[in-house]
Student: 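Sharing a structure, written as structure tokens. Questions coming.
Just so we're on the same page: letters track the sequence lines, and every chain starts at 1. All heavy atoms count here, side chains included; hydrogens, waters and symmetry mates do not. Note that the coordinates shown come from a computational prediction; the quantities given were computed from them, not determined experimentally.
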Number of protein chains: 2
Amino acid sequence: MDLIQEFEQWVGEDTYIKQVSIDCVIFGFHDNNLKVLLPKLKLDEDLWSLPGGYIGKDESVLDATRRILESRTGLADIYLEQFGVFGELNRNSKDLVKTITNKIGVTTEEHLWVFDRFISLGFYALVEYSKVTPRLNNILDESCDWYSIKELPALAIDHDQIIQKGLETLRIMLDHKLAGFNLLGETFTMKELQKMYETILDKPLRRDNFQRKMLDMDILERLEKQYTGAANKAPYLYKLKTIK
Amino acid sequence: MDLIQEFEQWVGEDTYIKQVSIDCVIFGFHDNNLKVLLPKLKLDEDLWSLPGGYIGKDESVLDATRRILESRTGLADIYLEQFGVFGELNRNSKDLVKTITNKIGVTTEEHLWVFDRFISLGFYALVEYSKVTPRLNNILDESCDWYSIKELPALAIDHDQIIQKGLETLRIMLDHKLAGFNLLGETFTMKELQKMYETILDKPLRRDNFQRKMLDMDILERLEKQYTGAANKAPYLYKLKTIK
DNA sequence: TCAAAAGTGTTGCCATTACACCCATGA
DNA sequence: TCATGGGTGTAATGGCAACACTTTTGA
């Protein structure tokens, strides 16, 4: 099936709600960096976007978001949270979409709805970096990779603002909802946990006090030690206690 | 102009974005009660709803929300915050709208779009109770009044859940954004401020420590004393410092 | 035996809590 | 002068930050 056919099938039928889109800020933690999964668009210029999509007419917003997330990461049951609505008039994706469809070779004007103005619902998702195999959207994407939050590439429309707002919300929610644990594997050392906190909050934390704070919360279960072969005391592995 | 004409004008033309609505939880503080402004629907049964509306095709989401808020309160420049998206499939307003339009006498089927499924954007707003003159929507509403958060009437669809989520978000944001001051007049006594906090958080606070906490924040300007005629020390009036 | 990293005891500080007293007000 | 409520000094508490010491590990 060629791209034009794929495009027709995607937006051709009356399957989606018009003028509403979902944009996902997919956070991963790797190499002591907070990363975001960003597809690169098929354009002559270098431009990236947030992974997003539309809501089916018979699909809940949550299900749509889960579907979009799964289509990009291969993972189901992802932790996600809605953090904003982006509905300014000047957020215009028309030229962008037009350039891409032209490039693909779409000539029909039947699908004007994708050129229309969109209100975007912002969600952030926290995933375990190592479990993700980034997948790209055949029609729109040239590639799909992780980018450090500190070194974001050029982003389409207002997607940089959406990422910033998502990050701010994540920071506020970090202590409040213990959301961060979704970025780590099932087991982790205290050092890994601390690095994750430090990276998200973008500030150093004291090792001794951080350890105590986490242990005092009574949410961690201590497992066996992790012998790395390094010439120092082996750290314990921890896991989140199963919630009562 | 009769109701049918008004209805035609409202939803007849292609002015609004389809399948997206805005629902507003308008909070006011009065009589030591946190209140919500709720219109009562024109139905045989007693049913209330959140004040809401649609987004114009050439109107930003924020402008739409401001317009809706002004149409209900008469106030411009209202403090507002988006707190959630309600997009489940089972949130069905079709029967409700149909009953109301039947009651009005609308027979045309041209405006099917208002019977469609809607994704609702939840906003809460904080207003100064005494400045509001509740206005009702001629077409849908029988009346429009304030109801204590503790004694909410029967609400349509999922509007009770929307109110709860809005209240939870307000509680979290209360300290974080100093949002609560928008519920009070320009000047207020420490007692009024405390009552407002207590009512929103639904728990008692110590008078002495609350006063100190507020003063230590260095956001209040002390004005003249307020002589009420009561046989006790006159409290100072305060106002929010103009932000630097 | 040593360096590096992990784990924890202890101390001091600061912010919040609790108790107290004093002050202002009009009957 | 009394009851009532407002304003603030001060002591007690508890959580957190800082420091230090011990333990563990492989070279």
Side-chain angles (χ1 to χ4, degrees), chain A residues 29 31-32 171-172 174-178 180-181 184-241, chain B residues 29 31-32 171-172 174-178 180-181 184-241:
Chain A
F29 182 66
D31 218 7
N32 289 343
R171 281 182 181 145
I172 294 174
L174 193 57
D175 272 333
H176 209 266
K177 295 208 175 184
L178 301 178
F181 290 92
L184 302 175
E186 177 150 21
T187 66
F188 42 85
T189 64
M190 198 56 81
K191 180 164 203 151
E192 287 167 342
L193 184 59
Q194 183 181 340
K195 282 288 176 194
M196 185 266 285
Y197 266 76
E198 288 180 331
T199 306
I200 293 177
L201 299 176
D202 198 26
K203 66 177 182 188
L205 300 169
R206 284 187 63 102
R207 183 186 60 85
D208 48 3
N209 294 331
F210 179 82
Q211 164 129 339
R212 217 184 313 265
K213 178 182 168 182
M214 284 299 146
L215 293 179
D216 287 352
M217 289 174 79
D218 199 35
I219 51 165
L220 296 182
E221 188 181 331
R222 180 174 280 179
L223 306 172
E224 74 279 10
K225 289 186 176 182
Q226 185 191 54
Y227 292 88
T228 60
N232 52 45
K233 190 166 178 175
Y236 287 104
L237 285 173
Y238 295 90
K239 63 176 281 190
L240 257 189
K241 274 187 184 173
Chain B
F29 182 65
D31 219 7
N32 289 343
R171 281 182 180 144
I172 293 174
L174 192 57
D175 273 332
H176 208 266
K177 294 208 174 183
L178 303 177
F181 290 93
L184 301 176
E186 177 149 19
T187 66
F188 43 84
T189 64
M190 197 55 81
K191 180 164 203 152
E192 287 167 342
L193 184 59
Q194 183 180 341
K195 282 289 177 193
M196 186 265 285
Y197 266 76
E198 289 180 331
T199 306
I200 293 177
L201 299 176
D202 198 26
K203 67 176 182 188
L205 300 169
R206 285 187 63 101
R207 181 185 62 87
D208 48 3
N209 295 330
F210 179 82
Q211 164 129 338
R212 219 183 311 266
K213 178 181 168 182
M214 284 298 144
L215 293 179
D216 286 352
M217 288 174 80
D218 198 36
I219 51 165
L220 296 182
E221 188 181 331
R222 180 174 281 179
L223 307 172
E224 75 279 10
K225 289 186 176 182
Q226 185 191 54
Y227 292 89
T228 59
N232 52 44
K233 191 167 177 174
Y236 288 103
L237 284 173
Y238 296 89
K239 62 177 283 191
L240 257 189
K241 273 188 184 172

Student: Kindly say whether, by distance alone, the side chain of A:Arg212 makes a donor-acceptor pair under 3.5 Å with the base of C:dG9?
Tutor: yes
Student: Of all the choices, D:dG5, C:dA18, C:dG7, which nucleotide is nearest to the side chain of A:Gln211 once you look at every atom?
Tutor: C:dG7
Student: Could you give the CZ-to-P distance, from A:Arg206 to C:dC13, as a whole number of Å?
Tutor: 15 Å
Student: What is the distance, rounded to the nearest whole Å, between atom CD of B:Glu192 and atom P of D:dG6?
Tutor: 10 Å
Student: Take atom CD of A:Gln194 and atom C1' of D:dA17, then tell me their distance rounded to the nearest Å.
Tutor: 14 Å
Student: Working to the nearest 0.5 Å, report the span between CE of A:Met214 and CE of A:Met190.
Tutor: 7.5 Å
Student: Quick one: on DNA chain C, does A:Lys191 or A:Ala231 contact a more 5' nucleotide (nearest heavy atom)?
Tutor: A:Ala231
Student: Contact class for B:Asp216 (heavy atom, under 4.0 Å): base, sugar-phosphate, or nothing?
Tutor: nothing
Student: Could you check if a side-chain atom of A:Thr187 sits within less than 4.5 angstrom of a side-chain atom of A:Tyr238, using non-hydrogen atoms only?
Tutor: no
Student: Ignoring hydrogens and angles, are the base of C:dG7 and the side chain of A:Arg207 linked by a donor-acceptor pair under 3.5 Å?
Tutor: yes
Student: Hey, are the side chains of A:Met196 and A:Phe188 touching, using non-hydrogen atoms and a 4.5 Å cut-off?
Tutor: no
Student: Can you measure A:Glu224 atom CD to D:dT24 atom C1' for me and round it to whole angstrom units?
Tutor: 17 Å
Student: The side chain of B:Pro235 lies closest to which of these nucleotides: D:dG6, D:dA17, C:dG7?
Tutor: D:dG6
Student: Contact class for A:Lys213 (heavy atom, under 4.0 Å): base, sugar-phosphate, or nothing?
Tutor: nothing
Student: From C-beta outward on B:Asp208, which listed nucleotide comes closest to its side chain: C:dA4, C:dA18, C:dG7?
Tutor: C:dA18
Student: Roughly, in whole Å, what's the span from CG in B:Asp175 to P in C:dT16?
Tutor: 10 Å
Student: Side chain of A:Asn209, base of D:dA18: donor and acceptor closer than 3.5 Å?
Tutor: yes
Student: Whole-Å distance between D:dG7 P and B:Tyr236 OH?
Tutor: 7 Å
Student: Taking side chain as C-beta onward, heavy atoms only, is B:Leu184 less than 4.5 Å from B:Leu240?
Tutor: no
Student: Looking at B:Tyr197 versus B:Phe210, is the centre-to-centre ring distance below 6.0 Å?
Tutor: yes
Student: Roughly how many Å is it from NZ in A:Lys233 to C1' in C:dC2, rounded to a whole number?
Tutor: 17 Å
Student: Distance check needed: D:dT25 C1' versus A:Lys225 NZ, whole Å only.
Tutor: 9 Å
